[in-house]
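Notes to accompany the following structure.
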2 protein chains.
Amino acid sequence: MEQNDITAYLERKGVKPTANRILVLKTLKESDRPMCLSDLENELITMDKSSIFRVLTLFQEQEIVHTFEDGRGILNYELCTSTTICNLSDAHIHFYCESCQKSFCMDNIAIPDLQLQEGFIAHSISFVIKGTCPKCNKKLNQQ
Amino acid sequence: MEQNDITAYLERKGVKPTANRILVLKTLKESDRPMCLSDLENELITMDKSSIFRVLTLFQEQEIVHTFEDGRGILNYELCTSTTICNLSDAHIHFYCESCQKSFCMDNIAIPDLQLQEGFIAHSISFVIKGTCPKCNKKLNQQ
DNA sequence: GAAAAGAATACAACCCAGTTGCATTCCACA
DNA sequence: TGTGGAATGCAACTGGGTTGTATTCTTTTC
């Protein structure tokens with residue numbers, strides 16, 4: 001994605017496109033997997049942790065990213081890919097690899113209708129499967 | 001549940017039934033909901049946090065309790081109700097109330113078969129629905 | 001029944017992800 | 001070009017979880 005596109009996208013979302021915000025959005029876009037705060041810290045050595053955090057918080061408010069907890073209880077950030085992705089209806093499942101500590105999107109697994117007990121009202125869901133990813137399974141098998 | 005039953009249960013699980021361990025197990029048994037470390041801290045003022053933690057760790061190893069993260073990324077402890085509850089096959093969904101910060105078991109909602117992508121191997125699952133519980137919804141409606 | 005060995009516990013300190021206060025810098029607009 | 005508000009960096013804090021270690025308790029052995 002071009003710098004111009006990123007700028008335009010931020011503006012469309014009502015966010016002033018500062019250098020840092022462009023940087024964070026670009027990094028998230030270029031990553032094929034969700035990232036946590038420390039992932040971004042390691043990637044963006046020019047930015048302070050608190051600045052990254054505030055950008056991510058803003059992005060969340062403007063529904064540019066959404067979050068979920070991986071298997072360790074650590075927040076992961078992921079770009080919203082459509083206007084509706086943040087809604088309950090099309091939330092998706094994440095996979096957390098206990099070997100390499102990375103999170104993956106399981107876009108292809110649909111979450112079935114869940115019939116909650118009387119009185120419970122759902123706002124969001126967080127479905128995480130923990131295990132080992134293909135790469136790590138391969139490595140483990142070779143040993 | 002009687003003290004004797006608790007003692008016997010611990011012994012059956014290969015755990016020496018010390019006063020603290022009996023206390024923790026009793027507290028968990030008497031709670032109708034999963035508890036986190038600080039819940040137990042507040043309840044068991046005679047016990048140190050680290051002691052509770054070590055008892056819970058031991059209970060986990062002996063499959064007396066299992067854990068899951070609630071919506072805040074905080075570990076919750078819950079008694080294993082059968083010999084198989086800790087397996088992937090009969091894991092269940094939890095509900096986290098964002099209003100009162102309590103976790104609930106949704107025993108009655110079965111988790112459907114999940115077809116993972118090639119190469120991924122699941123060890124455990126953690127499905128949490130966030131929202132508001134019946135009690136809080138009632139309160140909110142009255143306002 | 002006392003001493004020795006080992007397990008359980010309390011206390012204190014630490015780790016780390018997340019968060020906040022505040023001073024400084026940047027930038028748009030007058 | 002000066003000014004006000006937004007954005008940022010730095011430092012410090014919070015809270016859940018965890019660990020090292022000294023002390024206490026329990027069990028074993030003689």
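Below, chain A is the first sequence line, B the second, and so on; all start at residue 1. Values below: every heavy atom of this structure, side chains too, minus hydrogens, waters and symmetry copies.
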Using whole Å, report how far [atom1] of [X] lies from [atom2] of [N].
{"X": "A:Gln101", "N": "C:dC16", "atom1": "CD", "atom2": "C1'", "answer": "14 Å"}
{"X": "B:Asp39", "N": "D:dG15", "atom1": "CG", "atom2": "P", "answer": "15 Å"}
{"X": "B:Met47", "N": "C:dT9", "atom1": "CE", "atom2": "P", "answer": "6 Å"}
{"X": "B:Leu44", "N": "C:dA8", "atom1": "CG", "atom2": "P", "answer": "18 Å"}
{"X": "B:Leu56", "N": "D:dG16", "atom1": "CG", "atom2": "P", "answer": "14 Å"}
{"X": "A:Lys49", "N": "C:dG18", "atom1": "NZ", "atom2": "P", "answer": "8 Å"}
{"X": "B:Glu41", "N": "C:dC11", "atom1": "CD", "atom2": "P", "answer": "12 Å"}
{"X": "A:Ile22", "N": "C:dC26", "atom1": "CD1", "atom2": "C1'", "answer": "15 Å"}

B:Thr18 side chain near C:dT9 phosphate (N/O to OP1/OP2, under 4.0 Å):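 Yes, B:Thr18 has a side-chain N/O under 4.0 Å of OP1/OP2 on C:dT9.
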Under-4.0 Å side-chain N/O to phosphate OP1/OP2 contact, B:Ser38 with D:dG15: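 Checking D:dG15 against B:Ser38, no side-chain N or O comes under 4.0 Å of OP1 or OP2.
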Any side-chain to backbone donor/acceptor pair from [X] onto [Y]? Under 3.5 Å, distance only.
{"X": "B:Asp39", "Y": "B:Cys36", "result": "yes"}
{"X": "A:Asn141", "Y": "A:Lys138", "result": "no"}
{"X": "B:Asn76", "Y": "B:Ile74", "result": "yes"}
{"X": "A:Lys130", "Y": "A:Gly71", "result": "yes"}

Pairs under 3.5 Å (N/O, protein and nucleotides 19-22 of chain D):
unit_1: D:dG20; atom_1: O6; unit_2: B:Arg54; atom_2: NH2; d: 2.4

Inter-residue atom distance B:Leu40.CG - B:Ile52.CD1, 0.5 Å rounding: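 Separation between the atoms: 5.5 Å.
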Over-ring placement of B:Lys29 relative to B:Tyr9, 6.0 Å and 45° cut-offs: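 The answer is yes, since B:Lys29 meets both limits relative to B:Tyr9.
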Closest nucleotide among D:dT8, D:dG16, D:dG17 to the B:Leu37 side chain: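 Per side-chain heavy atoms of B:Leu37, the pick is D:dG17.
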Strand contacts (DNA chain C) in residues 69-77 of chain A, 4.0 angstrom heavy-atom criterion: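 Residues of residues 69-77 of chain A under 4.0 Å from DNA chain C: A:Ile74, A:Leu75.
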B:Thr132 side chain to B:Asn137 side chain, donor-acceptor N/O pair below 3.5 angstrom: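 A pair is found: one side chain offers a donor N or O, the other an acceptor, under 3.5 Å apart.
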A:Glu30 and A:Glu43, any side-chain heavy atoms less than 4.5 Å apart: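 A:Glu43 does not reach A:Glu30 side chain to side chain.
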Shared hydrophobic cluster, B:Phe59 / B:Leu44 (ILVMFWY, side-chain heavy atoms < 4.5 Å):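 In one cluster with B:Phe59: B:Leu44, yes.
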Sugar-phosphate only, base, or nothing, as touched by A:Ser51 at under 4.0 Å among non-hydrogen atoms: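 Base: the residue A:Ser51, judged by heavy atoms under 4.0 Å, touches a nucleobase.
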Sugar-phosphate, base or nothing in reach of A:Thr46, heavy atoms under 4.0 Å: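 Sugar-phosphate only.
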Residue whose closest nucleotide on DNA chain D lies nearer the 5' end, A:Asn20 versus B:Lys16: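 Looking at DNA chain D, the more 5' nearest nucleotide goes with A:Asn20.
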